[in-house]
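First the proteins, then the strands, lettered A, B, ... as listed; each starts at 1.
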2 protein chains.
Amino acid sequence: MRPVTTQRRDRATIEDVASAAGVSVATVSRALRGLPNVATSTRQRVKDVAEQLNYSPDPAAARLAAGHTRTVTVVVPHLNGWYISNVVAGAEALCSDAGYDVLIVGIGSSADFSRLLSASYQLERRTDGLIVIEVPVAEHEAESLASRGISLATVGVAAAGHPAIRIDNIEVGHIAARHLVELGHDRVALIGVQKQPLHSDVAVDRRRGYVEGLSELGVELDPSMFVEGDFGIDAGQEAMAALLVARIPPTAVFSLSDEMAFGALIEMKRRGLEPGTDVSIMGVDDHAFSRVVDLTTISHGVAEHGIAAARLLLAQMARGHADRRASTDDHQGVDLGTASQPAMPITLVRRATTAAVR
Amino acid sequence: MRPVTTQRRDRATIEDVASAAGVSVATVSRALRGLPNVATSTRQRVKDVAEQLNYSPDPAAARLAAGHTRTVTVVVPHLNGWYISNVVAGAEALCSDAGYDVLIVGIGSSADFSRLLSASYQLERRTDGLIVIEVPVAEHEAESLASRGISLATVGVAAAGHPAIRIDNIEVGHIAARHLVELGHDRVALIGVQKQPLHSDVAVDRRRGYVEGLSELGVELDPSMFVEGDFGIDAGQEAMAALLVARIPPTAVFSLSDEMAFGALIEMKRRGLEPGTDVSIMGVDDHAFSRVVDLTTISHGVAEHGIAAARLLLAQMARGHADRRASTDDHQGVDLGTASQPAMPITLVRRATTAAVR
DNA sequence: ATGAAAGCGCTAACAA
DNA sequence: TTGTTAGCGCTTTCAT
């Protein structure tokens with residue numbers, strides 16, 4: 001019964017490997033990291049010894065010495081929405097396959113985000129890259145990141161000079177307008193006018209596209225038919241309640257998110273109204289649950305968005321490495337990130353909650 | 001146009017603070033970390049200087065020197081289920097408020113988890129504590145963690161000797177049995193027999209409680225009425241389809257998760273069956289959308305579970321610190337973690353999908 | 001209460 | 001191709 005004192009000294013260090021393989025630590029480091037200028041035979045021997053000793057470099061030591069962290073940070077407004085969880089899932093899978101640790105940070109307000117970026121938080125000492133999901137990034141923030149050597153890819157929002165995964169939200173609005181008008185609706189509402197704490201421009205764009213689409217199709221707008229919503233279920237229910245008591249209620253409503261549409265559905269049921277028959281309603285997201293209630297919606301990738309963002313980020317970080325290796329000299333910081341990717345695909349999914357006006 | 005070479009040398013180090021405050025680095029370190037044996041005046045001065053210099057310690061350096069990481073790792077089977085996302089959300093919030101970085105790792109198979117724990121991954125160099133959500137932890141794994149000084153708290157699964165947040169899943173089964181039998185059902189089914197890649201015992205326990213409850217109430221069991229399901233929507237739909245084509249279909253079904261119940265609902269609608277009227281169905285979780293379809297379910301905390309787990313973990317880690325500080329000598333590793341917490345509360349939520357048998 | 005100095009385990013110049 | 005060595009920025013004895 002040995003006195004378990006501490007678990008000190010059972011972990012192999014680079015020196016153990018070096019002496020066991022009969023080379024210097026520098027060679028071990030090079031060999032294991034796939035750097036050039038190592039004889040194939042040496043490299044193999046080192047690898048074998050390392051494996052046998054169960055060695056792998058201490059991340060903290062490597063970070064301290066090398067200056068980068070092999071860590072990516074995923075920034076989200078919250079983790080309990082369907083869309084965001086799925087994006088995170090996709091991003092995490094790819095990053096961790098690529099050997100990166102992935103940190104996650106939930107942002108309650110834009111103040112939280114500033115704090116994350118504030119000099120004193122030492123973000124650049126914690127992470128090599130950021131995947132920011134639906135949290136707006138101000139121009140000076142984007143620049144600050146670039147100048148600090150932190151790579152960035154965004155999802156659902158844009159950041160000047162950095163790659164972004166997004167869908168064409170204007171087009172989303174157009175599609176909704178077209179679909180509803182084709183069904184003969186002309187008293188149409190919208191749920192989801194900005195009211196979020198952390199406001200991105202997805203709401204703004206979808207709305208704009210909707211408005212544009214409607215007027216192009218000659219449909220008159222009634223501003224009172226545009227109601228607030230934070231993209232959650234409850235907001236949707238409240239919004240629908242407000243719409244249904246209007247002097248002249250809408251015959252169709254476009255909800256900027258499926259979740260709000262679900263709330264709206266609750267309210268309709270409460271009032272004995274049949275979706276599609278009494279009032280048409282459609283959302284955006286193709287939430288897993290939309291199929292359950294047969295909600296017409298506009299579908300886009302989810303995990304795909306996370307994967308795509310991760311891919312861009314990884315590429316950017318790899319490029320950064322190369323750069324650093326190549327030119328120790330100047331290059332104006334802010335040109336990283338080939339920016340604007342093509343918009344991700346979206347498609348209208350016609351289901352039962354929208355139908356021709358009676 | 002200065003040659004932006006690199007962003008080197010604008011970050012304050014502990015030495016900058018030391019010299020600016022006219023003390024040694026050791027004193028700065030003590031002062032800033034709230035250690036004893038620092039004159040109040042000195043401490044204040046150091047703090048002021050640090051603030052002014054926008055100093056904060058480099059995490060990698062601190063980790064390397066101190067041996068712990070101020071990082072907690074959340075381990076999940078996947079991130080796209082409603083329950084798990086919410087648990088993660090709660091845990092993340094608490095841990096990051098406590099000043100910990102939170103890493104997230106998605107486990108595809110139990111092999112992935114073993115890899116995480118394998119000596120060569122150096123988990124103890126990456127994290128101080130683990131929150132494991134619905135990923136089974138083998139006994140030797142739990143011991144290994146304890147001996148390596150990694151704290152552990154689990155959610156939805158147990159790990160010998162470590163605190164766990166859980167609900168009484170046997171009781172969940174009992175509640176379901178009682179509810180259905182009280183409504184007069186006696187041909188009852190169950191959806192969700194284990195079929196998951198990473199199988200915990202929640203399914204086993206719920207089922208067992210259900211079976212027990214039913215027999216206690218004198219209801220006969222038909223094994224063919226127990227069908228597989230991986231807790232997702234599609235599985236629920238398939239399961240329900242199978243049940244409905246049985247020679248004698250059930251009059252009520254208990255789905256081990258709300259999501260599977262949603263799938264079942266789809267199938268019922270597809271066949272023109274009315275939930276509650278034609279067949280009663282209930283789930284477990286009180287998923288956000290259960291309200292939308294008026295699903296009877298068994299509710300439990302969600303974010304609360306994550307928060308509770310985080311709380312236990314933080315306490316444990318704090319205790320670990322104290323221990324280390326107090327006795328540099330022996331103490332049998334595996335006694336950390338006061339283990340078994342009381343089960344978290346659960347409640348039956350009666351809604352429209354269950355009703356008295358006709 | 002404070003300081004000096006020895007690492008923590010690795011990476012990256014620079015030499016050889 | 002390989003080895004030597006100077007850090008990276010902090011924590012922690014051990015002195016004082």
Identify which nucleotide among [options] has an atom closest to any side-chain atom of [X], counting heavy atoms from C-beta outward.
X      : options                   : answer
A61(B) : dC10(D), dT12(D), dT11(C) : dC10(D)
A26(A) : dG9(D), dA13(C), dT12(D)  : dA13(C)
A62(B) : dC10(D), dG9(C), dA12(C)  : dC10(D)
I14(A) : dT12(D), dC8(D), dC10(C)  : dC10(C)
A39(B) : dG9(D), dA1(C), dG9(C)    : dA1(C)

For T71(A) and D128(A), run side-chain contact (heavy atoms from CB on, under 4.5 Å): C-alpha distance rounded to whole Å, both residues' side-chain angles, the deciding distance at 0.1 Å, then the answer. CA-CA 6 Å; T71(A) 294; D128(A) 293 345; 5.8 Å; no

Taking only N and O in the side chain of [X], is any of them less than 4.0 Å away from OP1 or OP2 of [N]?
X      : N       : result
S29(B) : dT11(D) : yes
T27(A) : dG3(D)  : yes
R11(B) : dC8(D)  : no
T42(B) : dT2(C)  : yes
S24(A) : dT2(D)  : no

Scan [X] against the nucleic acid and name what it touches under 4.0 Å (heavy atoms): base, sugar-phosphate only, or nothing.
X      : answer
R63(A) : nothing
N37(B) : base
R43(B) : nothing

Along DNA chain C (nearest heavy atom to each residue), the more 5'-positioned of V23(B) and Q122(B):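 Taking each residue's closest nucleotide, the earlier one in sequence belongs to V23(B).
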
R45(B) or A65(B): which one's nearest nucleotide on DNA chain C is closer to the 5' end?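 Looking at the nearest nucleotide for each, R45(B) comes out on the 5' side.
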
Without decimals, in angstroms, what is the distance between [X] [atom1] and [N] [atom2]?
X      : N       : atom1 : atom2 : value
L35(A) : dT1(D)  : CG    : P     : 12 Å
H68(B) : dT12(D) : NE2   : C1'   : 12 Å
L64(B) : dC8(C)  : CG    : C1'   : 4 Å
D16(B) : dC10(D) : CG    : C1'   : 13 Å
R70(A) : dT11(C) : CZ    : C1'   : 14 Å

CA sep, side-chain torsions, deciding dist, call: R115(A), D112(A), salt bridge (Lys or Arg N to Asp or Glu O under 4.0 Å): CA-CA 5 Å; R115(A) 201 168 320 128; D112(A) 286 357; 3.4 Å; yes

Here the pair of heavy atoms bringing R43(A) nearest to L35(A) is NH2-O, 2.6 Å

Distance to the ring centre below 6.0 angstrom and angle to the axis at most 45 degrees; does that hold for R126(A) and Y121(A)?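 Because its charged atom sits under 6.0 Å from the ring centre and within 45° of the axis, R126(A) does stack over Y121(A).
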
For the side chain of R125(B) and the base of dG9(C), is some donor closer than 3.5 Å to an acceptor across the two?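 No such pair is found, so the answer is no.
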
Presence of donor-acceptor pair under 3.5 Å, side chain of R30(B) and base of dG3(C):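 In this structure, the two groups form a donor-acceptor pair.
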
Sorted by chain and residue number, the side-chain contact (heavy atoms from CB on, under 4.5 Å) partners of A89(A) (sequence neighbours excluded) come out as L79(B), N80(B)

Audit row: H78(B), I84(B), side-chain contact (heavy atoms from CB on, under 4.5 Å) steps and yes/no: CA-CA 8 Å; H78(B) 56 77; I84(B) 289 181; 4.0 Å; yes

